[in-house]
Amino acid sequence: MTHTVEKIGGTSMSRLAELRDTLFIGDRATSEVYNRVFVVSAFAGITNLLLEHKKSGEPGVYALFANDDSNHKWQDALDRVAEAMKAAQSEILTHKGDIQQADLFVDERILGARNCLIDLQRLCSYGHFRLPEHMGHIRELLSGLGEAHSAFVTTLMLQRSGVEARFVDLSGWRDEGDVCLEKRITSAFDGIDPATEMPIVTGYAQCVEGLMNEFDRGYSEVTFSHLAALTSAREAIIHKEFHLSSADPKLVGEGAVRKLGRTNYDVADQLSNMGMEAIHPKAAKTLRQAGVPLRVTNAFDPGDPGTLIDDQPADTAAAEIVTGLDIVTLEVFEQDMVGVKGYDAGILEILKRHNVRIVSKTSNANTITHYLDASLKTMRRVERDIAKLFPAAEITSRRLAMVSVIGRDLNGLSVLTRGLQAIAAAGCEAIGASQGPRNVDVQFVMDRASSETVIKALHAELIENAPTRLSRAA
Ligand SMILES: Nc1ncnc2c1ncn2[C@@H]1O[C@H](COP(=O)(O)OP(=O)(O)O)[C@@H](O)[C@H]1O
Ligand SMILES: N[C@@H](CC(=O)OP(=O)(O)O)C(=O)O
């Protein structure tokens, strides 16, 4: 096969009209327009409204429906989704006929979802049917609305510009079959010839495994990687709003950050652990196993080759990325812990039960500290369960931040020492710091209020001042 499979994230999707003139068409000859399959995310913010906010946890339709205290709340939230979808498409579509078609599409899908949820509530008012058993399906149904919408709008926009674009809806809308992810993708691609048409594929794919159930947020990269692997793509490409850079350009400055020319899956894994999702870890695995090379590019800089991600080690040691994450530390202190086994296992079991993501951990004789990515509401439940299991323990949760310095090879760079000095010189305090013997990341923990200053200070010390061979971002 000679085609590529290319994914566009939500932030970039919201600038779709610009993408038409750079990524999709630009100054390409007709022959260069095709042999590219696009997988799209929902427009920025839509999945947050449908499910819950990815960062703040603010409830969307799903979360409101799940704690259904009043019928109005989730219904109003669904209305807000429709409004946001229509607002997004009005920025992109210019032809009246297209806008009308897209409005109808939104109305039809939102009405369908609304009816489905109402019917389910009615059914579950009978004792034999339990709402909790269906929540997984509801989450799947709602997720799919966002990507179906964005793919539909993208197709309309491209067709209006003369591209043979084809809407490929993997969301299973009103579909009867129970199919696995592989079948869902391969049967949708039956009869599609990427050489003569451009498939615009929904980032959500309905399947018996349940995409949300298995992979949760960031699922569009899972669809993307499977599609690339199953169709033996020449290359899998993720288009982002910026070049994959040594730090967030919005925070450190576009002029100060460096573009990553190349990195490996080890670094990509550390980035997703820090919530940065350079690529979903499960998606990286699929591509790695299928031997499909991965590239991350700036969607708005089409002439640039971007960052190649493979499984190769670095030629020279270097700090590559500085990135931060708000975390909650869970400290369990018990004097009797010293020399006794089983405390850690007990805590882990509780964290697993509450589905809490562990970012990192440290322990000593009588204290186990987990650095977690969790809401305070979940933390209260976790603390309650730990108190029940270890009644004599002192349990403390604190809202802090973690900043991590990541690179394929950090050996010999004294990242920990230089990092602590840079943090102190910037007038901040490191509450914790850790580095493992494998030396691909060094983590610093501090107050949330100082995390941005720390990112800038570490970036200046370890990347801007480093004599690396990374090139500057254009
Ligand atoms: N190291 C980094 N390199 C590039 N962008 C980064 C980095 N860290 C954070 N970002 C931020 O990530 C944001 C979203 O990136 P992107 O992956 O394009 O989102 P999406 O998947 O929603 O399209 C950008 O607006 C940028 O500010
Ligand atoms: N919009 C979905 C799917 C996705 O993966 O989006 P993005 O590519 O913008 O992370 C989500 O937020 O989970």
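In listed order, ligands and their atoms are each counted from 1. These figures come from a predicted structure and were not determined experimentally.
One side chain, Ser246 or His459, offers a donor N or O that lies under 3.5 Å from an acceptor on the other. Between Asn439 and Asn411, the side chains place a donor N or O and an acceptor N or O closer than 3.5 Å (distance only, hydrogens not considered). Between Thr223 and Ser220, the side chains place no donor N or O within less than 3.5 Å of an acceptor N or O (distance only, hydrogens not considered). Side-chain N/O atoms of Thr297 and His239 include a donor and acceptor closer than 3.5 Å. Looking at Asp266 and Gln270, their side chains do bring a donor and an acceptor atom within 3.5 Å of each other.
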Item to complete: For the pair Lys86 and Asp107, evaluate salt bridge (charged side-chain N to carboxylate O under 4.0 Å, His left out) and give the outcome as yes or no after the intermediate values.
Response: CA-CA 10 Å; Lys86 288 182 181 174; Asp107 291 339; 2.8 Å; yes
Item to complete: Under the salt bridge (charged side-chain N to carboxylate O under 4.0 Å, His left out) rule, what do Glu52 and Arg139 come out as? Steps first, then yes or no, please.
Response: CA-CA 10 Å; Glu52 67 282 309; Arg139 199 167 167 80; 2.9 Å; yes
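Between atom 5 (N) of ligand 1 and the options Ser245, Pro249, Ala247, the minimum heavy-atom separation is to Pro249. Distances from atom 16 (P) of ligand 1 to the heavy atoms of Lys54, Lys7, Lys240 show the closest one on Lys240. With atom 25 (O) of ligand 1 as the reference point, the heavy atom nearest to it among His459, Glu241, Glu320 is part of Glu241. The option with the heavy atom closest to atom 10 (O) of ligand 2, from among Glu221, Lys240, Arg217, Lys54, is Lys54. Among Ile321, Asp248, Leu271, Leu244, the residue whose heavy atom lies nearest to atom 8 (N) of ligand 1 is Asp248.
Note: Tyr204 and Tyr219 have perpendicular aromatic rings, judged against thresholds of 30 and 60 degrees for the angle between ring planes.
Side-chain atoms of Glu58 and Asn48, non-hydrogen and from C-beta on, never get closer than 4.5 Å to each other.
Taking 4.0 Å as the cut-off, His243 counts as a neighbour of ligand 1 on heavy-atom distance. Distances shorter than 4.0 angstrom do not occur between any heavy atom of His280 and any atom of ligand 2.
Atom 20 (P) of ligand 1 has Thr11 OG1, 3.1 Å as its closest protein atom, hydrogens excluded (heavy atom only). Closest protein heavy atom to atom 9 (O) of ligand 2: Gly10 N, 3.0 Å. When only non-hydrogen protein atoms are considered, atom 21 (O) of ligand 1 lies nearest to Gly9 CA, 3.6 Å. When only non-hydrogen protein atoms are considered, atom 7 (P) of ligand 2 lies nearest to Ser41 OG, 3.4 Å.
With a heavy-atom cut-off of 4.0 Å, Tyr219 touches ligand 2 through backbone and side chain alike. Looking at Lys7 against ligand 2, only its side chain comes within 4.0 Å, counting heavy atoms. Residue contacts with ligand 2, taken as heavy atom pairs separated by less than 4.0 Å, involve Ser220 via backbone and side-chain atoms alike.
Looking at ligand 2, you'll find an N or O of Thr47 within less than 3.5 Å of one of its N or O atoms. Where the criterion is an N or O separation shorter than 3.5 Å, residue side chain and backbone included, Ala42 fails it with respect to ligand 2. In terms of N/O distances under 3.5 Å, ligand 2 is approached by Gly218. For a threshold of 3.5 Å applied to N or O pairs, the pair formed by Gly10 and ligand 1 contains at least one separation below that value.
Counting protein heavy atoms under 4.0 angstrom from atom 12 (O) of ligand 1 gives zero.
Glu221 pairs in a side-chain hydrogen bond (donor to acceptor under 3.5 Å, both in side chains) with only one of the listed residues (His280, Lys282, His226, Lys7), which is Lys7.
Taking every heavy atom of Glu147 and a limit of under 4.0 angstrom, the matching atoms of ligand 2 come to 1 (N), 2 (C), 3 (C).
Under the 3.5 Å distance criterion, the side-chain polar atoms of Thr22 are matched with a main-chain donor or acceptor of Glu18.
Taking the six-membered ring where the residue is Trp, the centroids of Phe242 and Phe300 are separated by 6.0 Å or more.
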